[in-house]
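Note that ligands are numbered from 1 as they come in the structure, with each ligand's atoms numbered from 1 the same way.
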Amino acid sequence: MDHIRLDYTNTLSDAIGSENGLSHEQLAALQEPAARALESVLARREKDLRWLDLPYAGEVIADIQAYAASVQGRFRNVVVLGIGGSALGNTALFSALSSPYHNADPPGELPRLFVLDNVDPDLVGEWIEHFDPAETLFNVISKSGGTAETMSQFIVFRDLLIKKVGKEAHVDHIVVTTDAEKGILREIVDREGYRSFIVPDGVGGRFSVLSPVGLLSSALVGIDIVGLVSGAAEMDQRCQNPQLLENPALCYAALQWLLHDVKTKPISVTFSYSNRLKNLGDWYAQLLAESIGKRRNRAGEDVFVGPTPVRAIGVTDQHSQVQLYVEGPFDKWFTLLSVDQADHAVSLPEAFADLEGVAYLGGRKLVELFHAERDGTRIALTEASRPNCTIRFPKVDAHSVGQYLFMMELSVAILGEFYSVDAFDQPGVEAGKIAAYALMGRDGYESRRAEIEAASTGTPRVL
Ligand code: PA5
């Protein structure tokens with residue numbers, strides 16, 4: 001099977017000059033710390049970083065496949081109710097590995113898939129207006145089993161289901177993915193008798209895409225989940241190598257760290273030259289932002305660190321953001337996602353032979369234009385001394401996407417070592433959740449509510 005490849009040529013001073021580019025010496029100097037960082041992450045595989053082992057959870061994969069087969073043909077829709085790490089991977093996999101027109105015209109007996117990762121009433125309300133819960137399977141996903149957004153959606157749809165199909169039958173329309181023991185959702189599963197899957201210990205939300213969190217909805221819409229985990233396992237094997245320049249996850253982490261710390265590029269742009277891979281950029285944005293964006297380091301000191309992830313799509317964003325990227329401030333570095341082989345061949349017919357402005361396109365392939373635009377952007381960035389690397393996918397399939405997911409998860413875990421932060425907590429997210437509980441009047445959060453009210457007595461300034 002083909003590997004995905006990391007081409008870091010254009011992050012080097014040889015290509016873009018020494019002011020913005022990395023020297024071979026800078027990379028070599030990171031070899032020892034990088035090897036130590038890798039070792040300390042991999043040493044936690046059997047302990048608290050159980051997500052490293054997800055590619056080998058054969059029984060879980062078999063369980064998911066058996067469940068997907070048992071409900072095949074029964075539902076027209078699958079709806080994921082979840083948020084953050086309990087939704088972004090689902091969307092990324094669906095858009096990468098299903099047709100962009102899947103929901104308009106689902107193949108065979110496969111259901112449509114909707115990921116409702118917001119409590120905006122206009123999103124949820126529109127779904128209710130357009131679709132029938134009686135034809136729908138709801139996958140409620142929450143690792144903690146108590147997230148307000150997910151729980152509110154769950155009770156809305158549970159109520160609709162009970163009204164539509166009755167208390168007894170509604171049970172077959174809900175499948176829950178949550179912790180094995182902890183959380184209100186697990187208690188509800190036990191009480192109501194819902195079918196459930198487990199988010200294992202040591203698998204945090206943003207590292208859970210290769211667990212039932214991401215794999216169940218994928219299997220339900222016909223995605224090759226075995227290919228995904230085999231790709232991840234292959235990347236895991238490649239990434240055992242402590243040599244910085246032979247290990248894609250380690251090398252990518254080193255580029256991110258050096259370009260931020262030494263070359264002061266705080267913004268990390270994932271520029272997907274593949275429409276199907278575009279939501280991998282959103283998935284990675286959460287992975288990077290929540291893992292590394294931290295107030296305190298491991299010693300408890302205030303450090304306020306973290307790169308800012310940005311996501312762009314080629315060629316679409318060439319006509320909106322590339323001007324800034326090529327000529328704006330030198331505060332960014334770029335990761336182009338590129339695909340060698342498209343699944344479709346679209347030919348450009350000969351047309352308007354007398355008009356050179358169109359005629360040059362005739363007789364070529366759309367993929368030639370797509371690749372020329374990608375290469376054009378890469379050249380423009382490089383000539384403007386903007387560090388950029390390319391992650392090359394041989395093609396977009398489950399195996400290559402699985403490789404990418406694992407590479408980025410491991411890379412971010414290693415970055416936690418470089419930045420000396422806990423990559424696996426999210427106190428900032430918890431702070432927002434607690435404030436929302438207080439504002440919603442949840443029992444036990446009265447004093448937080450009083451604090452918020454006391455702090456908001458100033459005169460509002462609103463135009
Ligand atoms: O990565 C994380 O831990 C978060 O983004 C969570 O996934 C998100 O807050 C949802 O949490 P939960 O799955 O517990 O509902």
**Fill in**
Heavy atoms of Lys143 and Pro200 approach each other most closely as NZ-O, 3.2 Å
**Prompt:** Given Val199, Leu88, Thr177, Ile83, which has its nearest heavy atom closest to atom 10 (C) of ligand 1?
**Reply:** Ile83
**Request:** Determine, using ring centers only, whether Phe271 and Tyr273 are less than 6.0 Å apart.
**Result:** yes
**Message:** I need the nearest protein heavy-atom contact for atom 9 (O) of ligand 1: residue, atom name and distance, please.
**Reply:** Lys433 NZ, 3.3 Å
**Request:** Using distance alone, with no hydrogens and no angle criterion, decide if Asn247 and Asn241 have a side-chain donor and acceptor under 3.5 Å apart.
**Result:** no
**Prompt:** Under 4.0 Å from any heavy atom of Lys143, which atoms of ligand 1 are there?
**Reply:** 12 (P), 13 (O), 14 (O)
**Request:** Check whether the side chains of Thr335 and Tyr252 place a donor and an acceptor atom closer than 3.5 Å, and report yes or no.
**Result:** yes
**Complete:** atom 14 (O) of ligand 1 has as its nearest protein heavy atom Ser144 OG, 2.6 Å
**Message:** Ignoring hydrogens, what is the shortest heavy-atom contact between Leu215 and Ile225? Give both atom names and the distance.
**Reply:** O-CG2, 3.6 Å
**Asked** At what distance is the nearest protein heavy atom to atom 13 (O) of ligand 1, and which residue and atom is it?
**Response** Ser86 OG, 2.7 Å
**Atom indices of ligand 1, in the order listed, that fall short of 4.0 Å to a heavy atom of Gly205** = 1 (O), 2 (C), 3 (O), 7 (O)
**Complete:** Counting from 1 in the order shown, the ligand 1 atoms closer than 4.0 Å to a non-hydrogen atom of Gly85 are 5 (O), 6 (C), 7 (O)
**Request:** Under the ring-ring contact (aromatic ring centres under 6.0 Å, His included) rule, what do Phe138 and Phe154 come out as? Steps first, then yes or no, please.
**Result:** CA-CA 8 Å; Phe138 294 89; Phe154 163 61; 9.4 Å; no
**Message:** Is a donor from one side chain sitting under 3.5 angstrom from an acceptor on the other, for Arg378 and Ser338?
**Reply:** no
**Request:** Return yes if a side-chain donor-acceptor contact under 3.5 Å exists between Ser420 and Asn297, otherwise no.
**Result:** no
**Message:** Considering both backbone and side-chain atoms of Gly204, is one of its nitrogen or oxygen atoms within less than 3.5 Å of a nitrogen or oxygen in ligand 1?
**Reply:** no
**Message:** Taking 4.0 angstrom as the limit and counting only heavy atoms of Ser142, give me the atoms of ligand 1 inside it, by number and element.
**Reply:** 12 (P), 13 (O), 14 (O), 15 (O)
**Request:** Please indicate whether any nitrogen or oxygen in Thr147 is less than 3.5 Å from any nitrogen or oxygen in ligand 1.
**Result:** yes
**Message:** Heavy atoms only: which of Gln286, Arg206, Gln426 lies closest to atom 5 (O) of ligand 1?
**Reply:** Gln286
**atom 2 (C) of ligand 1: nearest protein contact (heavy atom, Å)** = Glu290 OE1, 3.3 Å
